[in-house]
Structure formats: C-alpha cells, structure tokens
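Following: one structure in structure tokens, then a few remarks.
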Amino acid sequence: MKVFTTIAELRQQLDSDRNAGKKIGLVPTMGALHNGHLQLVKTSVANNDMTVVSIFVNPTQFNDKNDLRLYPRTLDKDCALLETVNCTYAFAPSVEEMYPTEDTRVFHLGPVAEVMEGKYRPGHFNGVAQIVSKLFDIVRPDNAYFGEKDFQQIAVIRAMAAQLGYTFHIVAVPIVREPDGLALSSRNARLTESQRRNAPKIAETLFKSRTFAASHSVRETIDEVVNTLNAIPEMRVEYYEIVDGNTLQPVADWNDSDYIVGCITVYDGEVRLIDNIAYRRPEK
C-alpha cells in the first residue's frame, strides 16, 4: 500500500491508473479506523481495481472545537489495518494541504440537511459537503463508500452529488456492530468502562422498539425509546426521530411511508453516539 500526503502525487498516480483502465473506489474516513471502516474497504476492494482510503480529520465539519481536539488520531495504526484488507492507497493530507485557503462555499442541501444532525450541529453538513466534494474532485472515483451508521450523512452526500453533477455510484454499506450490539464508531474509544457497559443499551432499546411499534403509535414508540434510555445513568438522548428513509422528514403514522427509519443521538457521558434502525423497508 502506498501512502500519499499531497494532492498532486495522488492525482498523478490515479491518472496513471485511470489511463490503464482501472476502476477506482474511494472510502472517505477521519481515521481511528475500526471494523466498520474495514468493511467499507473490503467492499470497495471487491468491486474496484484500486481503492483509495482518505484519512483526514476535517475541521470544517466540527461545530464543537473540543470534539475536534479530542477526536482520536491514529495514523500508523490505521495504515497497518488498511494493509490487512488490501487497500491500494491511503491519502493522509495535512489541513494546509486540503485547505490552502479558507473554503467559503455554502451548500444549500435542502430538507435532508436541516433536520436531526442539521438542527443540532449547525454548519456540520456544510463542512461534510466541503470535504467530500474536495475528495470527489481529487480522486474522481467510480464508486464511493459510506457506512449506514451515518444514515443522514449519506442522504446529504447524495443531495450534494446531485447538485454538483457527480454521476458515479454512492454506495451505502450496512452498520457493523460489536457482538453486544453497539454500532462501531471511532468515538467508542473515548467511553469510560461504565459508559462502555451502558452503550449497547442504545441498540438493544432500538431493536426492542420494533416489537413495541407493532402495537403502538409512532409518538408512543419515540417516547418509549427516549424514556428508556434517559433512565440509564450517564445517558441523555439528544433526539430520537422516526422519519421517511428517503426524505428524512418525520412521519406521524406507520402507514406514511414504505421506508421508515428511527435515527438517534445519545450522549453517553460526554461522548456523542449515533445509531439508527429500520422499521419498514421497501421490498426489493
């Protein structure tokens, strides 16, 4: 695996690969890699000739400077993990390389970016759109891979891609969980022992809510999930919304859509964890 730190060198390599007829996959990450990321890489490796994994903690998508400061950075370990799954190239630029001047672009991403994370983390999705569009322009992939744990982010990236005219495939890869159900996240490394013991209760509560939902309303299901998790020491639900899986707008009734997803953010101590669960999926 080759590691690139400059845009020019990576572009030169990828131009050569493209001219040789190679298909290119991109996996954007902020590092602190775990098995969820590795599943994205494995999926890319299986479906492309070359796979680029970017490792870059993007400052423009953090609305909390403390969160940016504390975000884990483990480049050497990340590269060693990428070697084990046959990644072709890692791209680990500096902030100065990605932002030689301030990125002042403002994206108007529509309703999918205004709810949930968009409401509670102002500016977050604009920062995501800035960095992901930069990576798309640098790599020019045939396919780009994102994890479904960041369910809303995928919808936002698809909106951004449509707006900017990108025509390659954006591929959503299912959530990878620990054996106890906790959705894999780089932030899990920041949990204390007691917080880590409690964290799986997020997924447990969501899965149980599917059964509860069969005989209760959307509103009752939301209240059940929120009240259950808020009763656990150190846990505080920031939001739990049950939405249309395509538009991300709230549903009031289980018959409002054939694709219904519950999206949650929970503070476990000071660590902000997200997860989601599908209540209804359209038949393929």
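The chain is numbered in sequence order, starting from 1.
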Note to self: Would you compute the distance between atom CG of D256 and atom OG1 of T247 and round it to the nearest 0.5 angstrom?
What the structure shows: 10.0 Å
Notebook entry, point to check: Residues two or more places apart in sequence or in another chain: which of them pass side-chain hydrogen bond (donor to acceptor under 3.5 Å, both in side chains) with D268?
Noted result: none
Note to self: Quick one, V52 with T88, criterion side chain to side chain contact (heavy atoms under 4.5 Å, CB included). Give me CA distance, side-chain angles, the key distance, then yes/no.
What the structure shows: CA-CA 6 Å; V52 180; T88 323; over 6 Å; no
Notebook entry, point to check: Ignoring hydrogens and geometry, is there a side-chain-to-backbone donor-acceptor pair from N246 to Y259 under 3.5 Å?
Noted result: no
Notebook entry, point to check: Yes or no on salt bridge (charged side-chain N to carboxylate O under 4.0 Å, His left out) for E117 and R272, after CA distance, side-chain angles and deciding distance?
Noted result: CA-CA 12 Å; E117 295 293 284; R272 192 173 186 273; 2.8 Å; yes
Check: Is it the case that T5 and E97 place a side-chain donor and acceptor less than 3.5 Å from each other?
Finding: no
Note to self: With a 4.5 Å cut-off on side-chain heavy atoms, are T265 and L273 touching?
What the structure shows: no
Next item on the list: Go through the structure and list residues passing salt bridge (charged side-chain N to carboxylate O under 4.0 Å, His left out) with R281, not counting sequence neighbours.
Entry: E148
Please output the side-chain donor-acceptor pairs of residues 21-33 that fall under 3.5 Å, not counting sequence neighbours, one pair per line with the distance.
| from | atom 1 | to | atom 2 | distance (Å) |
| --- | --- | --- | --- | --- |
| K23 | NZ | N47 | O | 3.1 |
| T29 | OG1 | G31 | N | 3.0 |
| T29 | OG1 | S54 | O | 2.7 |

Check: Among the clusters formed by ILVMFWY side chains lying less than 4.5 Å apart, do V243 and Y120 turn up in the same one?
Finding: yes
Next item on the list: Could you tell me whether K119 and E114 have a side-chain N and a carboxylate O separated by less than 4.0 Å?
Entry: no
Item checked: Basic-acidic side-chain contact under 4.0 Å: D180, R196 -> yes
Check: Does a side-chain heavy-atom distance below 4.5 Å link K42 with N35?
Finding: no
Check: So, for F107 and N126, which heavy atoms are closest and what is the spacing to 0.1 Å?
Finding: N-OD1, 2.7 Å
Margin query: The criterion is ring pair (Phe, Tyr, Trp, His ring centres under 6.0 Å); which residues satisfy it with H34, sequence neighbours excluded?
Written below: H37
Notebook entry, point to check: Which ILVMFWY residues are connected to F212, directly or by a chain of links, through side-chain heavy atoms under 4.5 Å apart?
Noted result: none
Notebook entry, point to check: Do D103 and T60 come within less than 4.5 Å of each other through their side chains, counting heavy atoms only?
Noted result: no
Checklist line | Check: T221/Y279 side-chain N/O donor and acceptor closer than 3.5 Å | finding: no
Item checked: Residues which pass side-chain hydrogen bond (donor to acceptor under 3.5 Å, both in side chains) with S44, listed by chain and number, not counting sequence neighbours -> N48, T51
Item checked: 4.5 Å side-chain heavy-atom contact, I274 and F151 -> no
Next item on the list: Report yes or no: does Q195 contribute a side-chain atom to a donor-acceptor pair with the main-chain N or O of T192 at less than 3.5 Å?
Entry: yes
Next item on the list: Please name all residues satisfying ring pair (Phe, Tyr, Trp, His ring centres under 6.0 Å) with Y99, sequence neighbours left out, ordered by chain then number.
Entry: none
Notebook entry, point to check: Has the side chain of R280 got a donor or acceptor atom that lies under 3.5 Å from a matching backbone atom of A278?
Noted result: no
Next item on the list: In plain terms, say whether D67 and R187 are close enough for a salt bridge, that is, a side-chain N and a carboxylate O under 4.0 Å apart.
Entry: yes
Next item on the list: Could I get the full list of salt bridge (charged side-chain N to carboxylate O under 4.0 Å, His left out) partners for K77, not counting sequence neighbours?
Entry: none
Check: Mind checking whether E241 and I222 have side chains closer than 4.5 Å, heavy atoms only?
Finding: no
Notebook entry, point to check: Between the main-chain N or O of D244 and the side-chain N or O of Q249, is there a donor-acceptor pair closer than 3.5 Å?
Noted result: no
Notebook entry, point to check: Going through the checks in order, is the side chain to side chain contact (heavy atoms under 4.5 Å, CB included) test met by V57 and L68?
Noted result: CA-CA 8 Å; V57 181; L68 172 62; 3.7 Å; yes
Item checked: Non-neighbouring partners of R210 that pass salt bridge (charged side-chain N to carboxylate O under 4.0 Å, His left out), sequence neighbours left out -> none
Notebook entry, point to check: Going by an N to O cut-off under 4.0 Å, is there a salt bridge joining D15 and R18?
Noted result: yes
Note to self: Quick check on the hydrophobic clustering: are L206 and V271 connected, directly or via other members, by side-chain heavy-atom contacts under 4.5 Å?
What the structure shows: yes
Margin query: Looking only at side-chain N and O atoms, does N58 offer a donor or acceptor that is under 3.5 Å from a partner on Q61?
Written below: yes
Next item on the list: List the steps and the verdict of side chain to side chain contact (heavy atoms under 4.5 Å, CB included) for V132 and F146.
Entry: CA-CA 11 Å; V132 173; F146 298 87; 4.1 Å; yes
Checklist line | Set of residues satisfying ring pair (Phe, Tyr, Trp, His ring centres under 6.0 Å) with respect to Y89, sequence neighbours excluded | finding: F4
Next item on the list: Please name all residues satisfying side-chain hydrogen bond (donor to acceptor under 3.5 Å, both in side chains) with R219, sequence neighbours left out, ordered by chain then number.
Entry: D223
Checklist line | Single-linkage hydrophobic cluster, 4.5 Å side-chain cutoff, M98 and V128 together | finding: yes
Margin query: Measuring only between side-chain heavy atoms, which start at C-beta, is F91 closer than 4.5 Å to I7?
Written below: yes
Checklist line | Path from F207 to Y240 over hydrophobic side-chain contacts below 4.5 Å | finding: yes
Checklist line | Any Y239 side-chain heavy atom under 4.5 Å of V226 side chain | finding: no
Check: Taking the side chain as C-beta and beyond, is there a heavy-atom pair between P250 and I242 under 4.5 Å?
Finding: no
Next item on the list: Look at the side-chain heavy atoms of Ile, Leu, Val, Met, Phe, Trp and Tyr, link any pair under 4.5 Å apart, and say whether L81 and Y145 land in one connected group.
Entry: yes
Can you list, pair by pair, the side-chain donor-acceptor contacts under 3.5 Å of residues 168-178, counting residues two or more places apart and other chains?
| from | atom 1 | to | atom 2 | distance (Å) |
| --- | --- | --- | --- | --- |
| R177 | NH1 | G181 | O | 2.9 |
| R177 | NH1 | D275 | OD2 | 2.9 |
| R177 | NH2 | D275 | OD1 | 2.9 |

